[in-house]
Amino acid sequence: MRKHIFNAGPCILPDVVRENTAKAIIELGTSGQSIMEVSHRGKDFEAIMKETTELFKEILEIPEGYSVLFLGGGASLQFAMVPFNFLNTKAAYLNTGTWASGAIKEARLFGEVNVLASSEDKNFCYYPKNYVIPKDVDYFHITTNNTIFGTELLKDLDSPVPLIADMSSDILSRPVDVSKYDLIYGGAQKNMGPAGVTVIIIKNEMLERVTRTNIPTMLKYRVHVENDSMKNTPPCTAIFTVREVLKWVISVGGLKEMDRRAQAKADLLYNAIDASKVFVGTAVKEDRSRMNICFVMKEGYQDKEADFLALASSKGIVGIKGHRSVGGFRASCYNALDISSVQVLVDTMKEFEKSIS
Ligand SMILES: *Cc1c(COP(=O)(O)O)cnc(C)c1O
């Protein structure tokens with residue numbers, strides 16, 4: 001039986017995507033070869049790469065003057081590539097969680113880091129708002145969705161300096177005004193595909209800002225832009241699956257529909273949490289993430305966590321154990337998770353509540 005997959009990453013994928021990937025792993029079209037076997041320089045894969053790029057540009061309405069890259073290394077490698085290429089003297093960061101802290105740590109290897117605001121004082125349960133972006137920094141880096149702590153920035157900021165965003169866990173969940181950003185990156189495995197490929201949207205003008213001369217070849221954005229992500233062998237199978245996800249996104253109505261679904265799922269679950277005598281949300285309401293919904297048991301019930309996890313597991317629910325830095329539960333409601341799975345979780349919460357009161 002198919003489970004209700006609330007995993008924080010790698011994420012649930014649509015059935016049609018799993019089916020088409022399974023077929024291509026056996027044989028890609030009528031090529032007589034698997035997607036794992038074809039040459040990345042052959043016409044079959046070249047067409048896949050081209051279509052994946054075009055679909056991605058279409059879905060996100062990426063303006064002229066931007067390049068899209070599909071690289072390895074995960075979002076974590078971008079924590080280092082961004083400052084290696086663009087931090088010449090000083091950069092500004094928001095510290096909104098574990099991943100943002102990781103990005104800051106890497107940036108400090110390359111120059112001065114100005115942490116404009118941090119929500120660490122309250123275990124990252126809110127998204128900082130009152131800060132001023134200085135004009136004398138090379139760029140401003142944000143993490144739009146904090147996967148571990150369940151907070152999210154649902155608007156596109158105006159920035160006087162290049163704006164760089166880690167959108168690993170909420171990319172493709174709503175329409176985004178890409179023109180406000182100079183670089184967006186994300187590991188595919190949260191909302192876009194399987195692990196193994198990282199998507200980067202980069203404004204071509206950014207390449208002119210690189211002054212450091214000792215950047216290793218494979219860490220230079222310019223090299224990847226000039227080689228259409230084919231400087232070395234790209235993660236072909238993961239890219240194929242991303243293409244299937246993009247086709248699925250278009251087939252169900254694009255980012256407007258993803259946005260509507262994300263809101264409907266989040267409303268359903270947060271309303272249940274807020275109405276509960278047993279469960280309580282951890283993030284402040286105005287900054288709640290639609291992707292990663294974090295909640296714990298209220299005081300007096302905390303010894304019942306394992307019981308709830310066991311009940312949930314008996315209903316086919318997987319992946320709701322919270323990250324150790326928050327505890328409790330985290331239900332990740334990525335694009336491919338159907339609202340019927342959220343309903344099963346809500347029903348299970350109600351059943352549990354009845355059983356203990
Ligand atoms: C998961 C995650 C990362 C790390 O991604 P990898 O691809 O595993 O390196 C970075 N940022 C955010 C917001 C994440 O959710």
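Start at 1 and go down the list; that is how both ligands and their atoms are numbered.
Given atom 1 (C) of ligand 1, the protein heavy atom at minimum distance is K190 NZ, 1.5 Å. The single protein non-hydrogen atom nearest to atom 9 (O) of ligand 1 is S76 OG, 2.6 Å, given as residue, atom name and distance. Scanning all protein heavy atoms for the shortest distance to atom 4 (C) of ligand 1 gives W99 CZ3, 3.4 Å. When hydrogens are left out, the protein atom nearest atom 15 (O) of ligand 1 is T147 OG1, 2.4 Å; that is the closest non-hydrogen contact.
For the atom pair CZ of R330 and CZ of F6, the computed distance is 13.0 Å after rounding to the nearest 0.5 Å.
Contact atoms of ligand 1 toward G74: 7 (O), 9 (O) (distance under 4.0 Å to a heavy atom of the residue). Near T143, with a cut-off below 4.0 Å to any heavy atom, the atoms of ligand 1 are 13 (C).
Ligand 1 is never approached by Q78 to a heavy-atom distance shorter than 4.0 Å. N145 counts as a contact of ligand 1, since one of its heavy atoms falls under 4.0 Å from the ligand.
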message: Could you go through K321 and E305, starting from their C-alpha distance and side-chain angles, then the distance that decides it, and tell me whether this counts as salt bridge (Lys or Arg N to Asp or Glu O under 4.0 Å)?
response: CA-CA 9 Å; K321 193 171 164 45; E305 265 184 24; 5.1 Å; no
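When each of V249, I201, V242 is checked for a side chain to side chain contact (heavy atoms under 4.5 Å, CB included) with F56, only I201 meets the rule.
Between the side chains of Y181 and D156, at least one donor N or O lies within less than 3.5 Å of an accepting N or O.
The shortest N or O to N or O distance between A75 and ligand 1 is below 3.5 Å. Looking at ligand 1, you'll find an N or O of Q189 within less than 3.5 Å of one of its N or O atoms. When only interatomic distances are considered, the shortest N/O to N/O separation between D166 and ligand 1 falls below 3.5 Å.
The aromatic rings of F352 and F308 sit perpendicular to each other, their planes meeting at more than 60°, with 30° as the lower class boundary. Taking the six-membered ring where the residue is Trp, F79 and H141 present perpendicular rings, their angle passing 60° and hence far from 30°.
A centroid separation of less than 6.0 Å is found between the aromatic rings of Y139 and Y93.
Salt bridge absent: E27 and K23 never bring a charged side-chain N and a carboxylate O closer than 4.0 Å.
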